[in-house]
Amino acid sequence: MKLVVLKGGDEAVPLAQCSRASPTSTRAPGAVALSGDGLHWVLINVSPLVATQLSTDARLLRHPGLPDAAVRAVVLTDAQVDHVTGLLGLRDGAPIHLYATPAVFEELTHALPVLPLLEHYCGVQWHVIPVAGESREAVFHIEGQPTLEFTAVATDGPLPRHAAQPASGEVGDTIALAVRDLVTGQRFFCARSLAAAGFEAVEWMQQADCLLLGDDRVDTWPDDGGAWTTGLDMLAQLDRVGARRKVLMAMPDWEAGPGRLRGELARHGVELAADRMEINL
């Protein structure tokens, strides 16, 4: 199994007033592409910048089938704006095979009607991930990926602001993903954050060879000591996870200088994801 981190091309130097993430920021730091054979790829979420990168970044040609896919497979972990609006940037390309829960399909049909719009362009073939109601976990497979087994686990991540029922979420609004390579036995697990993953995902994280935590720049553990103490708590939690690769998609926004922060992450064996970073499992 091979993973490639996508962040929309070379990361820009932020403006001074934006160098510290806003606590109300809704922007996601990127997406992940994964493949069982190095020729056919699955995108986990797709932001607008990543959609542009797939069609313009020649450096991705070293991964056959990623920038020039005959069929574009996408798994959505939720209906957050920066996870789904990149689908519109894929509208002039290959047909999209979209894997999502019933709750996410509902959001993308009504509250944020991306799917009806795409029907006028490349077309979308829906594949339902059956996490809903009392079913909080489901195994599924993706066409073109016979060696990979996917498991979706319901999580308690924050709902998007455009959610049809923002005050009362339902099972399947957000999921974490566990992927197992049926040939090598290697396992990959990704979630928005440790806090959002919740108790149900702990066993999956313990079994993972690679753990990737996504969008939350601060892991909001219930602690009165401030963001830095909270961050150290998160690292203490990660120390208990046996994965040989532990990767954060974004620089945490903790109460510490960049040098101290990077040093602390390195001391705990945690990596920061870079654009086009490759992970082989």
Side-chain angles (χ1 to χ4, degrees), residues 6 8 21-32 42-52 54 72-138 140 142 150 152-177 190-193 195-198 200-201 214-218 220 249-250:
L6 301 172
S22 165
T24 59
S25 173
T26 62
R27 292 193 176 276
V32 176
V42 180
L43 295 175
I44 300 178
N45 301 320
V46 53
S47 71
L49 285 177
V50 168
T52 300
L54 289 169
R72 183 67 71 190
V74 180
V75 178
L76 297 177
T77 60
D78 53 40
Q80 296 287 345
V81 169
D82 262 12
H83 285 171
V84 304
T85 50
L87 293 169
L88 298 176
L90 302 176
R91 65 189 180 277
D92 294 325
I96 297 172
H97 283 233
L98 192 62
Y99 297 77
T101 65
V104 171
F105 277 126
E106 180 74 14
E107 289 293 322
L108 299 188
T109 302
H110 301 291
L112 186 65
V114 171
L115 300 184
L117 191 154
L118 285 173
E119 291 296 340
H120 297 284
Y121 292 88
C122 60
V124 178
Q125 183 168 336
W126 297 12
H127 302 266
V128 175
I129 300 173
V131 173
E134 296 183 358
S135 177
R136 296 185 59 86
E137 189 174 299
F140 65 101
I142 291 179
F150 294 75
V153 183
T155 63
D156 299 320
L159 296 178
R161 296 178 186 178
H162 60 265
Q165 297 177 324
S168 57
E170 57 182 291
V171 173
D173 281 330
T174 65
I175 59 172
L177 284 177
C190 65
R192 183 179 179 107
S193 70
E200 294 172 310
D215 303 342
D216 288 354
R217 291 177 179 267
V218 177
T220 52
M249 281 291 286

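Worth knowing before you read on, the calculation uses all heavy atoms, side chains too, and leaves out hydrogens, waters and symmetry mates.
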Minimum heavy-atom separation for Ala152 to Ile175, with atom names? CB-CD1, 3.8 Å

Using side-chain heavy atoms (C-beta onward) and a distance below 4.5 Å, is Asp156 in contact with Thr174? no

Side chains of Val75 and Val42 in contact at under 4.5 Å (non-hydrogen atoms): yes

Any non-hydrogen side-chain atom of Leu98 less than 4.5 Å from a side-chain atom of His127? no

May I have the step-by-step check of side chain to side chain contact (heavy atoms under 4.5 Å, CB included) for Leu90 and Leu54, ending in yes or no? CA-CA 9 Å; Leu90 302 176; Leu54 289 169; 4.1 Å; yes

Closest approach of Cys122 to Gly93 (non-hydrogen atoms, all atoms of both residues): CB-O, 3.7 Å

When you compare the side chain of Arg91 with that of His120, does any pair of heavy atoms fall below 4.5 Å? no

Would you say the side chain of Val46 lies within less than 4.5 Å of the side chain of His83, judging by non-hydrogen atoms? no

Do Leu76 and Val74 have side chains that approach each other closer than 4.5 Å (heavy atoms only, starting at C-beta)? yes

List the steps, then state whether side chain to side chain contact (heavy atoms under 4.5 Å, CB included) holds for Gln80 with Asn45. CA-CA 9 Å; Gln80 296 287 345; Asn45 301 320; over 6 Å; no

Distance from His97 atom NE2 to Leu43 atom CG, nearest 0.5 Å? 13.5 Å

Considering all heavy atoms of both residues, which atom of Thr85 and which atom of Pro48 are nearest to each other, and what is their separation? OG1-CG, 3.4 Å

Quick one: CD on Glu106 to CG on Leu115, what's the gap to the nearest 0.5 Å? 10.5 Å

Verdict with reasoning, Ile44 to Cys190, per side chain to side chain contact (heavy atoms under 4.5 Å, CB included): CA-CA 9 Å; Ile44 300 178; Cys190 65; 4.1 Å; yes

Can you see which heavy atom on Leu112 is nearest to which on Ala79, and at what distance? CD2-O, 4.5 Å

Value rounded to 0.5 Å, distance of CG in Asp173 from OG1 in Thr77: 11.5 Å

Distance from Leu177 atom CG to Thr155 atom OG1, nearest 0.5 Å? 9.5 Å

Least distance between heavy atoms, Glu137 atom then Val131 atom: C-CG2, 4.2 Å

So, taking the atom named OH in Tyr99 and the one named CZ in Phe150, what distance separates them when rounded to the nearest 0.5 Å? 8.5 Å

Heavy-atom side-chain contact between Val84 and Leu108 under 4.5 Å: yes

Does Ser135 reach the main-chain N or O of Pro130 with its side chain, forming a donor-acceptor pair under 3.5 Å? yes

Gly86 and Ala51 have their tightest heavy-atom pair at O-CB, 3.3 Å

Just wondering, more than 12 heavy atoms not from Tyr121 lying within 6.0 Å of its OH? no

Looking only at the side chains, is there a donor atom on one of Asp82 and Ser47 sitting less than 3.5 Å from an acceptor on the other? no

To the nearest 0.5 Å, what is the distance between CZ (Arg72) and CD1 (Ile96)? 8.5 Å

Flag side-chain contact, heavy atom, 4.5 Å: Phe105 against Ile129: no

